[in-house]
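One structure below.
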Amino acid sequence: MSSLQPVRGTHDLMGEDARRHRHIVETFREVAELYAFREIATPIFEFTDVFERTLGDTSDVVTKEMYTFVDRGGEQLTLRPEMTAGVARAFISNGLAQDLPIKFFGHGPMFRYERPQKGRMRQFHQIDAEILGVPEPQADIEVIALAHHVLSALGLGDKITLELNSLGDVESRLAYRARLIDYFSAHRAALSEDSRMRLERNPLRILDSKAAEDRPIVEAAPAIAESFNAASREFFDAVRRGLDALGIGYAVNPRLVRGLDYYSHTAFEFTTTHIGAQGTVLGGGRYDGLIETMGGPATAGIGWAAGIERLALMVTPPPESRDLIAVVPVGDDPAVQAAALALANRLRRAGHAVDQGYRGNVGKRMKRADKLGASRALILGESELAAGIVQLRDLATGEQRSLPLDAVEAAFA
RNA sequence: GCGGGUGUAGCUCAGUUGGUUAGAGCGCUAGGUUGUGGCUCUAGAGGUCGCCGGUUCGAUCCCGGUCACUCGCCCCA
């Protein structure tokens, strides 16, 4: 084993793994364009402040998972742990409030200092979709429909379920939070150690605790819907009616909460039981207060992100398909070498994939052509060159015939 | 950050109750075929047995630590 190891939690992508990633990103791009989303690519690092201000100063991501460093100019920078904050920052930086509503999709690497596990890397990749400037539930519906469409286009329709909840608007959520603190404080002694911690920092998180001792207490906890005001209730109902109209099945999970602080109203996750402990494959929600928090104009927002590595664990990648032609020069006569080079160049310019081996006799080069999966070989030696022809060999059938050198493109058209 | 499992060739894995030259299959290289791939036959290269330390006459094997991977917790996509 080499002493040159990759950084913990990072991974080299090659061969089939690379194809899986590309398949996911390309499928996402195709579907997102059907929904009239436009691509955005923001920097993979931002001023640390961009994330600290938006993700909440009690969230695990901010308090212990960020890759933060000081650059040579003395700036505090952070490798992005998620995409939404960067998109929101770009929205403000570029004055996009003029163009509302706006729909963005993007993808790329994210970084979190976590203990690596199946489907959990320190550098991981997400696909991401955001709608800005639409306070109506139509945006929630569209964004969930897009997620659902992407997952089914990836062939995962029967492996995932949609869980849905509403956190209510800010007023409702604060009211609920207060009720929860009252309730859980009364049961404080019986709670797990983790949950006692959560009581201080993020009481909503106790709701999705897996600790056995928490479960009966959580079961009897007040439901969030009881704290909804009329507007919150109507908003959630509208989202559900929209999903029903689209025939998108979901399960309301009143204990579904989001880890980052900027969410309100709709929260949703697509989950699976197929990839071990990491059940969430795609998660998102509404973040109406985020852009204002960052110093921009009050702007509604909703979006989601999905982990490409997690999707890749479930996806069947399309087979590698390419029609490759091998150009095989015979011998080391300079005129032959030059003619082979020119032939390969002509074919590439005409849009054909061509491999020309760098060395070896005909046997070696044919072997390489076979290994690369070439469908045909063009064999060119001194006698062919003198006659102005080339041998065309079909590598699947073994049939071989000669062809005028200047008729090759026509034969492949 | 916490708990369990695993580290032997490029890959998948044997093996040594502690003993001198650590194996297989696949892959790779070369040759049988100096102008023809797949199949086949032959030969070869490739390992500080993850790393550091301890016990021992002797450690890849036992013990401790460490690093990495992995499963779960936490968290999240």
Side-chain angles (χ1 to χ4, degrees), chain A residues 1-11 14-15 24 55 58-65 81-84 107 109-128 147 160 192-195 197-198 201-202 205 208-212 257-260 268-272 275-285 303-313 326 328-333 336 357 360-385 391-400:
Chain A
M1 188 157 297
S2 165
S3 60
L4 271 186
Q5 289 177 326
V7 173
R8 185 174 198 197
T10 67
H11 207 283
M14 306 177 265
I24 290 162
L55 302 182
T58 61
S59 69
D60 278 36
V61 170
V62 168
T63 55
K64 47 189 190 192
E65 295 178 1
E82 57 102 49
M83 240 185 99
T84 304
H107 69 94
M110 311 292 156
F111 305 84
R112 293 184 197 175
Y113 188 87
E114 293 190 274
R115 178 122 179 206
Q117 222 178 101
K118 185 179 187 181
R120 195 172 80 184
M121 310 264 101
R122 287 185 174 181
Q123 176 179 335
F124 61 105
H125 298 78
Q126 290 185 331
I127 53 178
D128 179 277
I160 48 147
S192 67
E193 194 186 325
D194 282 341
S195 286
M197 207 97 82
R198 286 187 274 239
R201 302 168 59 176
N202 191 348
R205 287 236 72 104
D208 66 354
S209 167
K210 290 174 198 160
V257 296
R258 307 260 69 227
L260 309 178
F268 59 94
E269 287 185 2
F270 286 84
T271 59
T272 184
I275 54 174
Q278 267 57 53
T280 302
V281 133
L282 182 152
W304 53 258
I308 294 179
E309 283 80 2
R310 292 183 186 179
L311 294 171
L313 290 168
V328 177
V330 180
D332 40 40
D333 175 59
V336 169
N361 57 25
V362 183
K364 290 278 173 305
R365 291 171 187 263
M366 290 298 287
K367 207 166 187 165
R368 174 179 169 83
D370 186 62
K371 203 163 83 175
L372 289 175
S375 58
R376 290 163 292 195
L378 287 169
I379 301 153
L380 181 62
E382 284 179 60
S383 51
E384 283 82 6
L385 190 55
Q391 302 289 339
L392 168 62
R393 183 177 183 86
D394 184 310
L395 292 175
T397 65
E399 280 172 52
Q400 188 165 319

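Below, chain A is the first sequence line, B the second, and so on; all start at residue 1. On a predicted model such as this, the values are computed, not experimentally measured, just so you know.
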| request: Name the residue closer to the 5' end of RNA chain B, choosing between A:Arg115 and A:Leu282 according to the nucleotide with the nearest heavy atom. | output: A:Arg115

| Residue met sooner reading RNA chain B from 5', once A:Tyr113 and A:Ile308 are mapped to nucleotides | A:Tyr113

Heavy atoms from C-beta onward define the side chain here; which of [options] lies closest to that of [X]?
{"X": "A:Thr280", "options": "B:C73, B:A30, B:C76", "answer": "B:C76"}
{"X": "A:Lys364", "options": "B:A77, B:G31, B:G72", "answer": "B:G31"}
{"X": "A:Gln400", "options": "B:C76, B:C2, B:U36", "answer": "B:U36"}
{"X": "A:Arg393", "options": "B:G35, B:G38, B:C76", "answer": "B:G38"}
{"X": "A:Gln391", "options": "B:G35, B:A77, B:G1", "answer": "B:G35"}
{"X": "A:Pro116", "options": "B:C76, B:C69, B:G35", "answer": "B:C69"}

[atom2] on [Y] to [atom1] on [X], rounded to 0.5 Å:
{"X": "A:Asp394", "Y": "A:Arg376", "atom1": "CG", "atom2": "CZ", "value": "7.5 Å"}
{"X": "A:Glu309", "Y": "A:Phe124", "atom1": "CD", "atom2": "CZ", "value": "8.0 Å"}
{"X": "A:Thr271", "Y": "A:Ile160", "atom1": "OG1", "atom2": "CD1", "value": "8.5 Å"}
{"X": "A:Ile127", "Y": "A:His107", "atom1": "CD1", "atom2": "NE2", "value": "9.5 Å"}

Whole-Å distance separating the [atom1] atom of [X] from the [atom2] atom of [N]:
{"X": "A:Gln126", "N": "B:C76", "atom1": "CD", "atom2": "C1'", "answer": "9 Å"}
{"X": "A:Arg122", "N": "B:C76", "atom1": "CZ", "atom2": "P", "answer": "17 Å"}
{"X": "A:Arg120", "N": "B:G72", "atom1": "CZ", "atom2": "C1'", "answer": "10 Å"}
{"X": "A:Arg365", "N": "B:A30", "atom1": "CZ", "atom2": "P", "answer": "13 Å"}
{"X": "A:Asn361", "N": "B:U34", "atom1": "CG", "atom2": "P", "answer": "8 Å"}
{"X": "A:Leu378", "N": "B:U36", "atom1": "CG", "atom2": "P", "answer": "17 Å"}
{"X": "A:Glu269", "N": "B:A77", "atom1": "CD", "atom2": "P", "answer": "7 Å"}
{"X": "A:Leu313", "N": "B:U70", "atom1": "CG", "atom2": "P", "answer": "11 Å"}

Using a cut-off of strictly less than 4.0 Å, decide whether [X] has a side-chain nitrogen or oxygen near OP1 or OP2 of [N].
{"X": "A:Gln117", "N": "B:U70", "value": "no"}
{"X": "A:Lys371", "N": "B:C28", "value": "yes"}
{"X": "A:Lys118", "N": "B:A77", "value": "no"}
{"X": "A:Arg8", "N": "B:C69", "value": "yes"}

Expressed as a whole number of Å, how far does the [atom1] atom of [N] sit from that of [M]?
{"N": "B:U55", "M": "B:U42", "atom1": "C1'", "value": "47 Å"}
{"N": "B:G27", "M": "B:U40", "atom1": "P", "value": "9 Å"}
{"N": "B:G65", "M": "B:C26", "atom1": "P", "value": "41 Å"}
{"N": "B:G37", "M": "B:U48", "atom1": "P", "value": "35 Å"}
{"N": "B:U17", "M": "B:C61", "atom1": "C1'", "value": "10 Å"}
{"N": "B:C52", "M": "B:U16", "atom1": "P", "value": "25 Å"}
{"N": "B:G15", "M": "B:G47", "atom1": "C1'", "value": "14 Å"}
{"N": "B:A77", "M": "B:A68", "atom1": "C1'", "value": "24 Å"}

Heavy atoms only, 4.0 Å cut-off, all strands: where does [X] land among base, sugar-phosphate and nothing?
{"X": "A:Gly331", "value": "nothing"}
{"X": "A:Met121", "value": "base"}
{"X": "A:Val330", "value": "base"}
{"X": "A:Gly360", "value": "nothing"}
{"X": "A:Gly119", "value": "base"}
{"X": "A:Leu395", "value": "base"}
{"X": "A:Ala369", "value": "nothing"}
{"X": "A:Ala147", "value": "nothing"}

Is a donor-acceptor contact shorter than 3.5 angstrom present between the side chain of [X] and the base of [N]?
{"X": "A:Glu114", "N": "B:G1", "answer": "no"}
{"X": "A:Asp370", "N": "B:G38", "answer": "no"}
{"X": "A:Arg205", "N": "B:C74", "answer": "no"}

| query | Is a donor on one side and an acceptor on the other found under 3.5 Å between the side chain of A:Arg120 and the backbone of A:Arg115? | reply |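 Side chain of A:Arg120 to backbone of A:Arg115: a pair is present.
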
| message | When you measure from the side chain of A:Thr10 to the backbone of A:Val7, do you find a donor-acceptor pair of N or O atoms at a distance under 3.5 Å? | response |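 Indeed, once roles are kept as given, a pair shorter than 3.5 Å links the two residues.
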
| query | Is any side-chain heavy atom of A:Arg310 closer than 4.5 Å to a side-chain heavy atom of A:Gln126? | reply | no

| query | Is there a side-chain contact between A:Arg122 and A:Tyr113, using heavy atoms and a 4.5 Å cut-off? | reply | yes

Any strand is fair game: report the nucleotide pairing with [N] by Watson-Crick or G-U wobble, both distances under 3.5 Å, or none.
{"N": "B:U20", "answer": "none"}
{"N": "B:G38", "answer": "none"}
{"N": "B:C62", "answer": "B:G54"}
{"N": "B:C69", "answer": "B:G5"}
{"N": "B:G44", "answer": "B:C28"}

| message | Evaluate A:Glu384 against A:Gln391 for side chain to side chain contact (heavy atoms under 4.5 Å, CB included), listing each step before the verdict. | response | CA-CA 8 Å; A:Glu384 283 82 6; A:Gln391 302 289 339; 3.3 Å; yes

